[in-house]
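Everything below concerns the one structure shown next.
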Amino acid sequence: MKTTIKEAKNYLNQEVTIGGWLHNKRSSGKIAFLQLRDGTGFMQGVVVKAEVSEDTFQLAKNITQESSLFVTGVITEDTRSDLGYEMQVKSIEVIDEAHDYPITPKNHGTEFLMDHRHLWLRSKKQHAVMKIRNEIIRATYEFFNNNGFTKIDPPILTASAPEGTSELFHTKYFDEDAFLSQSGQLYMEAAAMAHGKVFSFGPTFRAEKSKTRRHLIEFWMIEPEMAFYNHDDSLEVQEQYVTHIVQSVLKNCTIELKTLERDTEKLAKVATPFPRISYDDAVTFLKEEGFDDIEWGEDFGAPHETAIANHYDLPVFITNYPTKIKPFYMQPNPENEDTVLCADLIAPEGYGEIIGGSERINDLALMEQRINEHELDAESYSYYLDLRKYGSVPHSGFGLGLERAVAWISGVEHVRETSPFPRLLNRLYP
Ligand code: 4AD
Ligand code: MG
């Protein structure tokens, strides 16, 4: 019977064949322990000299790291491993022998590993992070599909810039100039006027010269947009969504979280409602905490966000930032017109902002005024203004950065390990 490591649990005490690779091994004169991997998981194969042919035992002892194999044997219970079972190997067929695999069990530097990202993906930790990423993607579709959202795909080649013009990748579009999308939001607003509640999930690009543990040049963003939702309604969707993805990972990725040695007690605390603190109160708090460098009207840096996050066990919303440090489209706060109806969601444990969201201006005259103030080319926003001309309604939305969410939930230090092939300031290879 041909099966996989993951499915092998259904074949206890039966003989199966699994196609995989040799991850690692150790052996003595009488027994060899093969650490096998097949994409679905990692499993130990035990080869006992007395129970296999002499050829098979020699082969087991001599197999090289990352050689591809078919292994055949009986699946038996193994209570010591996270997996719960192992294979008593009977025979091995080598498919392709690998020589001098570059990533050995010893420690390698990050640059070396990043240069070998195409191979590094095979390692146990990296495999676990990608599985968690996949679970977050699955749970994202589940959440929005279950809550009446329609998935709409905004374009990647665009003529307009939602989040400021300084961080755009330029390209030629025949005789015109075009940019790679830094956010699908403006198109999602149009989609919300057609479908009510919509979400997008796609790649976005920021030509940011930031070299931090939180910044990628290319990242994936989930952008829901909701007609007839005010900003408070949107915050409720955000906290429910984030809680759903955390709970899904806790439920469906127990082996992966263990592999990553993630402190799951911290994740288990994530439940609605999340705390909210206004920007004004956050500035006061930071001053009390001894941050003399922050003045009202300035944006928070990573240390400020971390100080605020450390005050809470849960992700925290920082609401109502000053108008002048936020994009042109945000609805003024009726209680203080120097601020807008927006929030950043800051993850615990120093992972920083994972969501940015706001209520959008729905008044045509105010939107025109903002486009002028921000010196944007009104013509390329003409479609966006139409949304305010033909049946404008209050609406809100947000964007969650997938890689930052994966970094936080997996507990990996740097977002570069949460993207299969990360694009970084100095890295376009592999
Ligand atoms: O806060 P941002 O820039 O918001 C927007 O783009 C809005 N248009 C979203 C919306 O309302 N539809 O980005 C949203 C999120 C951030 O909170 C962060 O998680 C992630 O995208 N993000 C990045 N992730 C990795 N690398 C970068 N350079 C990122 N820039 C933003
Ligand atoms: Mg932001």
Side-chain angles (χ1 to χ4, degrees), residues 132 135-149 185 188 192 196-201 214 220-253 264-279 281-282 285 300 305-306 308-321 326 330-331 333 339-360 394-411:
I132 289 174
E135 176 58 21
I136 294 173
I137 293 169
R138 191 203 61 74
T140 292
Y141 279 90
E142 180 177 76
F143 179 85
F144 290 108
N145 285 328
N146 286 349
N147 285 283
F149 286 71
Q185 180 195 319
M188 297 311 289
K197 293 197 286 184
V198 293
F199 75 108
S200 68
F201 178 40
R214 302 165 174 190
W220 284 62
M221 187 153 47
I222 291 113
E223 293 190 274
E225 194 71 35
M226 298 149 294
F228 308 105
Y229 274 51
N230 66 28
H231 190 240
D232 286 333
D233 300 331
S234 173
L235 293 187
E236 282 179 24
V237 176
Q238 293 173 44
E239 60 196 5
Q240 285 162 10
Y241 167 48
V242 169
T243 301
H244 181 71
I245 58 178
V246 170
Q247 282 171 355
S248 298
V249 171
L250 281 172
K251 182 162 165 252
N252 298 322
C253 297
T264 50
E265 261 173 49
K266 287 189 175 144
L267 293 178
K269 285 187 190 148
V270 175
T272 59
F274 295 170
R276 290 138 167 80
I277 179 173
S278 70
Y279 172 90
D281 289 345
F285 167 81
F300 297 143
E305 286 179 355
T306 302
I308 296 165
N310 284 347
H311 194 62
Y312 304 90
D313 275 348
L314 294 171
V316 52
F317 288 114
I318 306 178
T319 64
N320 303 342
Y321 281 77
K326 285 292 177 187
M330 293 186 181
Q331 176 76 13
N333 175 8
T339 64
V340 280
L341 295 178
C342 73
D344 285 357
L345 182 66
I346 314 299
E349 302 172 65
Y351 285 94
E353 177 199 328
I354 53 170
I355 291 183
S358 64
E359 185 165 331
R360 326 304 192 183
H395 62 287
S396 302
F398 62 93
L400 173 126
L402 175 67
E403 289 78 6
R404 289 201 191 163
V406 177
W408 163 48
I409 295 171
S410 316

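Quick caveat: nothing in here was measured; it's all calculated off a predicted structure.
- Side-chain atoms of Ser396 come within 3.5 Å of backbone N or O of Tyr229 as a donor-acceptor pair.
- Using modelled atom types, one side-chain atom of Arg404 and one backbone atom of Glu353 make a donor-acceptor pair closer than 3.5 Å.
- Within the 4.5 Å cutoff, side-chain heavy atoms of Ile318 are placed close to those of Phe300.
- Atom CD of Gln238 sits about 6.5 Å away from atom CG of Leu345, to the nearest 0.5 Å.
- Ring geometry for Tyr241 against Phe143 counts as tilted: the plane angle lies between 30° and 60°, on a 0 to 90° scale.
- Of the candidates Leu235, Val237, Ile222, Phe398 forms a side-chain contact (heavy atoms from CB on, under 4.5 Å) with just one, namely Val237.
- At least one donor-acceptor pair closer than 3.5 Å links the side chain of Glu239 to the backbone N or O of Phe274.
- Note that CD of Glu135 and CD1 of Ile409 are 10.0 Å apart. Values are rounded to the nearest 0.5 Å.
- Going from atom NE2 of His311 over to atom OG1 of Thr306 covers 14.5 Å, rounded to the nearest 0.5 Å.
- Screening Gln331, His231, Glu225 against Arg360 for a side chain to side chain donor-acceptor pair (under 3.5 Å) leaves a single residue, Glu225.
- Under a 4.0 Å N-O distance rule, the pair Lys326/Asp344 qualifies as a salt bridge.
- Two residues are said to be in side-chain contact when any heavy atoms from C-beta on lie closer than 4.5 Å; Trp408 and Pro348 meet this criterion.
- For the atom pair OG of Ser278 and CZ of Phe317, the computed distance is 14.5 Å after rounding to the nearest 0.5 Å.
- At least one donor-acceptor pair under 3.5 Å links the side chain of Tyr351 to the backbone N or O of Gly411.
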query = Stepwise, does the side chain to side chain contact (heavy atoms under 4.5 Å, CB included) test hold for Asn147 with Phe199?
reply = CA-CA 11 Å; Asn147 285 283; Phe199 75 108; over 6 Å; no

inquiry  = Could you go through Asn333 and Val340, starting from their C-alpha distance and side-chain angles, then the distance that decides it, and tell me whether this counts as side chain to side chain contact (heavy atoms under 4.5 Å, CB included)?
reply    = CA-CA 5 Å; Asn333 175 8; Val340 280; 5.8 Å; no

